[in-house]
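Counting begins at 1 with the first residue of the sequence. Reckoned from all heavy atoms, side chains included, excluding hydrogens, waters and symmetry mates. Atoms within a ligand are numbered from 1 in the order they appear, just like the ligands themselves.
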Amino acid sequence: MVKPFVPQLVYVEPRAMEYPLAKELIGKFEKMDIEIRETTSHNQIRNLPGDNHFQKYRTAKSTLVLGIRKTLKFDTSKPSAEYAIPFATGCMGHCHYCYLQTTMGSKPYIRSYVNVDEIFDAAEEYMQERAPEATRFEASCTSDIVGIDHLTHTLKRAIEYFGKSEHGKLRFVTKFAHVDHLLDAEHKGRTRFRFSVNDDYIIKYFEPGTSRLKERIEAAVKIAEAGYPLGFIVAPIYLHEGWKEGYKEMFERLEAALPAKATKDLTFELIQHRFTKPAKRVIQENYPMTKLELDESKRKWKWGRYGIGKYVYQNEEQEDIKDTLGGYINKYFPDAKIEYFT
Ligand code: SF4
């Protein structure tokens, strides 16, 4: 069982200390005897302990940086929401295929932004722009926000903030089961709480440092019982020997555990495994023993954002994934909605 994250090392920007969240967290970390260092910018953490890249990478993944989010222009977040809301960047998990490998290859430490009210104010402006249409905000585009929230409670505040809002909705996804502090948040049904799930083989070989499927399902049950709209992202869908059986078992376990009321308003998002050439290089550097199959010749090349092509499964394989997983969802969760396959 993965324990709730506790940083080994903490950095703080001096100006962050003007915000109550940083003061509170630094007080907490001092009591826990965690080393605290100052940094002029959360974007430039130097001198991380470690003799080589491999060690420094691992240290970074257990380092928490408290900073101020200066850019309050939100990125778009298609297809799951209108905007990405930036509460944190980075993650303590060690998923080999993680998309953060490339987007923040040189800065794998975890950054938590303490100017939360300013982030809410920016969200308010985006909502006003689109009103009376609803605006959905995705809080897990650049981190697994649930994984650090037992420390910061930023997500809990956001859930309650959007619970009170007229036009805003919140979404996020997690591979962590540490959700107890979120169970009494006044979400008012405006937050969709999603868990990232996968079959046992994939979690075992490619997702070290995250909660196991059993724990994620237990957490999903708690979240459903707390009345949150629930969803699952099956990602990355990865073809390995026995994948059809593996995914069948995963859906069977979900169906056996979830309370009936949770299955009435349930969403699934399906994302096939993909990689880019830069990601492959970073993965092989950080996880040299990985069993992850990254053979371009077996894949189909697809035009990607910023001109970087990605390698996805061949058309017939994609059809097989859609038929197989779509079939399981229809069988075990006939009322659920499949939001997209990509
Ligand atoms: Fe990346 Fe999510 Fe794994 Fe964290 S839990 S390493 S964000 S895939």
- Query: How many protein atoms of type N/O/S are positioned less than 2.8 Å from atom 4 (Fe) of ligand 1?
  - Reply: 1
- Message: Below 30° counts as parallel, above 60° as perpendicular, anything between as tilted: where do the rings of H153 and H181 land?
- Response: parallel
- Task: Please examine the side chains of I148 and S143, heavy atoms only from C-beta on, and report whether any two atoms are closer than 4.5 Å.
- Result: no
- Could you pull out all residues at least two apart from D265 that satisfy salt bridge (Lys or Arg N to Asp or Glu O under 4.0 Å)? R192
- Quick note, side-chain hydrogen bond (donor to acceptor under 3.5 Å, both in side chains) partners involving residues 160-169, not counting sequence neighbours, are E124-Y161
- Task: Run the ring-centre check on Y238 versus F206 and record whether the distance is less than 6.0 Å.
- Result: yes
- Message: I need the full list of side-chain hydrogen bond (donor to acceptor under 3.5 Å, both in side chains) pairs touching residues 13-25, with sequence neighbours left out, sorted by first then second residue.
- Response: Y19-E118
